[in-house]
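Here the structure is a predicted model, which is why all the values come from computation and not from measurement. Atom set for the values below is all heavy atoms of this structure, side chains included, hydrogens, waters and symmetry mates excluded.
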Amino acid sequence: MEALNQKEVAGHLFLRVQQLDVKFETKTKGYVGVDPDVLVARDQNRDSLLQNLAAVVENRDKVLVEMSRLVILEGKFRAGRNFNLEEARASLEASFANEAEVVFTTVSSSGRKLFSRLTHGFDMVAIDEAAQASEVAVLHPLALGAARCVLVGDPQQLPATVISKAAGTLLYSRSLFERFQQAGCSTMLWSVQYRMHPQIRDFPSRYFYQGRLTDSESVVNRLDELYYKDTLLRPYVFYDITHGRESHRGGSVSYQNIHEAQFCLRLYEHLQKTLKSLGIGKLSIIVSKENSRGLKQVSNQKASWCRQRKYWYIV
């Protein structure tokens with residue numbers, strides 16, 4: 001009923017706009033000049049009516065969508081009807097996705113049947129971390145019919161994980177981003193970074209990006225911490241454990257390096273003592289799950305925790 005009433009209102013508004021046009025033509029017929037104020041008033045009145053008309057049509061469409069969703073669910077409450085819950089859920093998902101202007105999904109999930117139920121395609125597909133996805137992986141979002149595609153990624157970081165050596169030899173791990181780049185397509189580098197200390201940024205900038213990375217003003221103006229005076233507490237330090245050797249634990253294919261583990265333990269003890277004297281309490285050692293035997297008594301914090309919490313020092 002509400003949808004029908006809105007339809008009648010929309011028709012009435014459209015009729016009013018037509019009547020204004022006819023009235024204006026009748027009033028001005030036979031006159032050489034027209035008062036500008038009359039033109040302005042007429043245009044303002046018409047624009048207001050058209051805005052009201054657009055709002056009514058939009059509300060009508062929303063009501064019709066809600067009614068269609070009720071139709072999907074009413075079968076659950078009708079006796080003698082075979083209600084398919086999975087089918088109803090899929091239809092409702094498609095209904096909500098049809099209304100959305102922006103849809104966020106993973107690359108693999110973009111191949112779900114849901115997207116084949118949509119009544120429209122997409123103007124643009126934007127793929128984040130595109131340099132870490134194989135060419136095959138990005139076929140799903142590219143098949144959604146978008147006229148434009150934006151690939152955002154860093155080919156200098158780790159590529160897609162490929163276990164098969166034969167597939168790796170055949171460049172299966174190469175991303176579409178890299179293929180376009182190697183084919184001569186122009187790319188845009190986001191050269192300003194807002195997180196790292198300049199000393200941390202310096203090495204990757206020189207080694208991977210031809211020195212093109214720069215620091216934002218907020219990073220440049222950040223004051224140095226007092227503990228930077230300690231050579232072990234500088235923003236960016238590498239330790240070369242030349243006598244360390246990798247080995248296999250009994251019956252395991254995972255590697256371990258006892259000398260590196262012992263060094264990390266000694267470094268931790270030094271840092272714990274120094275940081276405590278400076279009033280700094282957050283310290284984490286990141287190790288892989290398989291190689292953490294020698295450091296379990298030190299820290300069992302996972303790397304994901306370090307992304308969620310602000311640690312002062314990470315080994």
**OP:** Name all residues meeting the side-chain hydrogen bond (donor to acceptor under 3.5 Å, both in side chains) criterion together with Y236; count only those two or more places apart in sequence or in a different chain, and write none if there are none.
**Re:** none
Subject >> E178 versus P155, closest heavy-atom pair with distance >> reply: CG-CB, 3.8 Å
Original post:
What pairs meet the side-chain hydrogen bond (donor to acceptor under 3.5 Å, both in side chains) rule with one or both residues in residues 184-193, with sequence neighbours excluded?
Top reply: Q193-D215
Original post:
Are any non-hydrogen side-chain atoms of S91 and R117 less than 4.5 angstrom apart?
Top reply: yes
Original post:
Got a sec, which residues hit side chain to side chain contact (heavy atoms under 4.5 Å, CB included) with V103, two or more places apart in sequence or on another chain?
Top reply: A100, F115, F122
**OP:** Applying salt bridge (charged side-chain N to carboxylate O under 4.0 Å, His left out), name anything that partners E101, two or more places apart in sequence or on another chain.
**Re:** none
Original post:
Quick one: side chain to side chain contact (heavy atoms under 4.5 Å, CB included) partners of L213, sequence neighbours excluded?
Top reply: R201, S205, Y209
Subject >> Atom CG of L158: over 12 foreign heavy atoms under 6.0 Å >> reply: no
Compile the donor-acceptor pairs under 3.5 Å between side chains in residues 160-168 and protein atoms, sequence neighbours left out, one pair per line.
from : atom 1 : to   : atom 2 : distance (Å)
S164 : OG     : A166 : N      : 3.4
S164 : OG     : A167 : N      : 3.2

Original post:
Near E217 CD, under 6.0 Å, is it more than 12 heavy atoms from other residues, nucleotides or ligands?
Top reply: no
Original post:
Of all residues at least two apart in sequence or in a different chain, which pass the side-chain hydrogen bond (donor to acceptor under 3.5 Å, both in side chains) check with Q181?
Top reply: none
Original post:
Which residues satisfy the salt bridge (charged side-chain N to carboxylate O under 4.0 Å, His left out) test with D230, sequence neighbours excluded?
Top reply: none
**OP:** Identify, with sequence neighbours excluded, every residue that meets side chain to side chain contact (heavy atoms under 4.5 Å, CB included) alongside I241.
**Re:** Y239, H243, H259, E260, F263
Original post:
With sequence neighbours left out, what residues match Q210 under side-chain hydrogen bond (donor to acceptor under 3.5 Å, both in side chains)?
Top reply: R212
**OP:** State which residues pass salt bridge (charged side-chain N to carboxylate O under 4.0 Å, His left out) with R89; sequence neighbours excluded, sorted by chain then number.
**Re:** E86
Original post:
Sequence neighbours excluded, which residues qualify as salt bridge (charged side-chain N to carboxylate O under 4.0 Å, His left out) partners of D43?
Top reply: R46
